[in-house]
**Student:** 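Got a structure for you, written out below as structure tokens; questions coming shortly.
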Number of protein chains: 2
Amino acid sequence: MISNNRQLEILSLLSEKGNVSVEEFAIKFNVSKMTIRRDLEKLQENNLLQRTHGGALMNRVLLQEMAYNDKREENAEIKQCITRKAVTFLENNKIIYLDAGTTTFELAQKLPTQDLTVITNDIRIAAHLMLSNNQVIFLGGLIGKETGSVTDVYAQEMLKEFNIDVAFLGTSSVDNEMNLCTPDINRMKMKKIAYESANKSILLVDSSKFYSKSLYKILNINDFDVVITDFDVNELTNFDLKATEFVSVKCNRKEDKEC
Amino acid sequence: MISNNRQLEILSLLSEKGNVSVEEFAIKFNVSKMTIRRDLEKLQENNLLQRTHGGALMNRVLLQEMAYNDKREENAEIKQCITRKAVTFLENNKIIYLDAGTTTFELAQKLPTQDLTVITNDIRIAAHLMLSNNQVIFLGGLIGKETGSVTDVYAQEMLKEFNIDVAFLGTSSVDNEMNLCTPDINRMKMKKIAYESANKSILLVDSSKFYSKSLYKILNINDFDVVITDFDVNELTNFDLKATEFVSVKCNRKEDKEC
DNA sequence: TTGCTTATGTTTGTTTTTGTTTGTTTTATT
DNA sequence: AATAAAACAAACAAAAACAAACATAAGCAA
């Protein structure tokens, strides 16, 4: 087994159990304790765990990263389908806005590597796109720990100043009347401002988000120019959706071929 | 880019398993290990994976790997010494500013994990600290590709609004008259604003930066409350440094014990 | 064919990783 | 505090992986 791989496994077990012992791993990987100690030392250097006498404790930094990765996994196939469709709405030299969220993060990874200007309030999206040849503008402010995004008044004011060609928005829920909802007032405002600043707004929403509501109404699904979703078309035709281009991606969870 | 089928298969297996070993593939494809290494080398050049001793890991999107790469940087040991000293100037519940740069990035990794408010214009610093329990405020704007930082008018205006307890600044050069210099007007302004907004300013500068000048003067070394450097003390006493608390870290490049 | 380029294998010496030994430090117990 | 047991870490040695340089083979155009 290659050493980095062993270190990754140590981290992964650590995140499950919270603490690990040197002996445990020496046996598990069939290497000497010294080797495990050296692994732990290296991992500690990178702030990935906290060594103790006899083993190591989890660093809470790691916890959060894992939580984020887990969240990414949820509905992964569906998000792949949705974002794969979303990129077809892109054109060169456009200014786009990417809302904070896991779906838009997936979209960020599928963007062309150049000729776009991308505005975002999600630090993970910004950090990722920084490596591309696109122009990246990050909205400033206090970074929210759970979401890795900025939504405060700084970000809101800054966002108002841009002329956006296409805004890609996500949402945490859609209620019975097809209103997008969110429990947080700042997130609500960010989305509204993005919508208002953009010539065209595209909603990315997977079916798990429907029929649940929370405190703030943001916009109605009808307000969007395009809605990309795996939600059942028939259910939606009960509503008056003529104003919206409606793209339903059929997504077979297992085979992932239809999209 | 990808020259053959084998490399494609390596990537595909890598994305399935997360890691691969050289030996495994040498056997699987019935070629020499050297050939596999050359494949991995090529794929790494294209940022498609991360080589390790014995094999390769999937290329991770998160910034952990960046931290990794930074470890291998030139004056790494000296920067370690300087930043180790710098953290001793921190107190709980303070508002600090971290300038963009590799030295301050090192410092960010050594910060306590809570009770600080950190303002920064460096996205790597922000992304890293986001995982801690400190409050993190990122200054918005266009992200510069080479530096991963924002220095434009948005960032400048935003920075002016904060009350900073301690600002930690770096610099690209210090000229013969002990003025900090930079070739970029926006970077110059950012540093000046940070200096003016802060109660206390601490300069982190390694000896390689001295005696070289560039277009814009920022500040004089005497303006700082504290200067932390590995530069030879005797050379500096030729200048009138009484206004500045001067901390010289002795750093033995090889042994790295003095600090 | 010849000459060129590219991919691969082999040899060699170097670097990295790992295990072992030894003596020290930490922890727990009396 | 004294003691024993466990964990640790420095130093060395062995093994594995690596990479440069050269040799060989394959593919391809003139």
**Student:** A/Thr52 near the nucleic acid: base, sugar-phosphate alone, or nothing, with a heavy-atom cut-off under 4.0 Å?
**Tutor:**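 It contacts sugar-phosphate atoms only.
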**Student:** How close or far is atom C1' of C/dT8 from atom CZ of B/Phe25, stated in whole angstroms?
**Tutor:**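 Checked: the CZ to C1' distance equals 18 Å.
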**Student:** May I ask you to evaluate whether A/Lys33 reaches the phosphate of D/dC8, defined as a side-chain N or O under 4.0 Å from OP1 or OP2?
**Tutor:**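 A/Lys33 to D/dC8 OP1/OP2: no side-chain N or O under 4.0 Å.
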**Student:** Do A/Thr102 and A/Lys79 meet the criterion of a side-chain donor-acceptor pair at a distance under 3.5 Å?
**Tutor:**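 Yes, A/Lys79 and A/Thr102 have a side-chain donor paired with an acceptor closer than 3.5 Å.
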**Student:** Nearest whole Å is fine: how far is C/dA7 P from B/Leu43 CG?
**Tutor:**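 Distance check: B/Leu43 CG to C/dA7 P gives 13 Å.
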**Student:** Using the C1' atoms of the five pairs at each end, what is the angle between the end axes of the helix from C/dT1-D/dA30 to C/dT30-D/dA1, to 10°?
**Tutor:**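 Between the axes fitted at each end of the helix from C/dT1-D/dA30 to C/dT30-D/dA1 lies an angle of 40°.
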**Student:** Using the salt bridge (Lys or Arg N to Asp or Glu O under 4.0 Å) criterion, which residues pair with A/Glu41? Sequence neighbours excluded.
**Tutor:**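 Salt bridge (Lys or Arg N to Asp or Glu O under 4.0 Å) list for A/Glu41, sorted by chain: empty.
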**Student:** Round to a whole Å and report the spacing from CG of A/Leu40 to C1' of D/dC8.
**Tutor:**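 Answer to the nearest Å: 12 Å.
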**Student:** Determine: side-chain N/O of B/Arg51 to OP1/OP2 of D/dA19, distance under 4.0 Å, yes or no.
**Tutor:**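 It does, given that an N or O in the side chain of B/Arg51 lies less than 4.0 Å from OP1 or OP2 of D/dA19.
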**Student:** Under 3.5 Å, which protein N or O atoms sit close to an N or O of nucleotides 20-27 of chain C? Give each pair with its distance.
**Tutor:**
none

**Student:** Whole-Å distance between D/dC8 P and A/Gln44 CD?
**Tutor:**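 Rounded to whole Å, this separation is 12 Å.
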**Student:** Atom OG1 in B/Thr182, atom CE in B/Met190: separation rounded to 0.5 Å?
**Tutor:**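 Rounded to the nearest 0.5 Å, the OG1-CE separation comes out at 12.0 Å.
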**Student:** What's the CD1-P distance between A/Ile36 and D/dA9, to the nearest Å?
**Tutor:**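 A/Ile36 atom CD1 is separated from D/dA9 atom P by 14 Å.
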**Student:** Could you work out, with side chain to side chain contact (heavy atoms under 4.5 Å, CB included) as the rule, every residue matching B/Ala86, not counting sequence neighbours?
**Tutor:**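 Listed in chain order: B/Leu107, B/Phe168, B/Leu204, B/Ile228.
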**Student:** Can you tell me how far P of D/dA19 sits from NZ of B/Lys42, to the nearest Å?
**Tutor:**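 Atom NZ in B/Lys42 sits about 16 Å away from atom P in D/dA19.
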**Student:** Suppose we screen for ring pair (Phe, Tyr, Trp, His ring centres under 6.0 Å). Which residues come up paired with B/Tyr97, at least two apart in sequence or across chains?
**Tutor:**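 B/Tyr97 satisfies ring pair (Phe, Tyr, Trp, His ring centres under 6.0 Å) with no residue once adjacent residues are dropped.
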**Student:** Under the salt bridge (Lys or Arg N to Asp or Glu O under 4.0 Å) rule, collect the residues that match up with A/Lys33, sequence neighbours excluded.
**Tutor:**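 In terms of salt bridge (Lys or Arg N to Asp or Glu O under 4.0 Å), with neighbours along the sequence ignored, A/Lys33 is linked to A/Glu23.
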**Student:** Output all residues satisfying side-chain hydrogen bond (donor to acceptor under 3.5 Å, both in side chains) with B/Thr151, sequence neighbours left out; order by chain, then residue number.
**Tutor:**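 Partners of B/Thr151 by the side-chain hydrogen bond (donor to acceptor under 3.5 Å, both in side chains) criterion come out as none, since no residue qualifies.
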**Student:** Starting at CD of A/Glu41 and ending at C1' of C/dT17, how long is that distance when rounded to a whole Å?
**Tutor:**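 That distance rounds to 14 Å.
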**Student:** Mind calculating the distance between CZ (A/Arg37) and P (D/dA10) to the nearest angstrom?
**Tutor:**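 Rounded to whole Å, this separation is 12 Å.
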**Student:** Considering residues at least two apart in sequence or located in another chain, which fulfil the side-chain hydrogen bond (donor to acceptor under 3.5 Å, both in side chains) criterion with A/Thr120?
**Tutor:**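 By the side-chain hydrogen bond (donor to acceptor under 3.5 Å, both in side chains) rule, A/Thr120 matches no residue at all.
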**Student:** Tell me, please, which residues at least two apart from A/Lys110 pass side-chain hydrogen bond (donor to acceptor under 3.5 Å, both in side chains).
**Tutor:**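 side-chain hydrogen bond (donor to acceptor under 3.5 Å, both in side chains) list for A/Lys110, sorted by chain: A/Gln80, A/Thr83.
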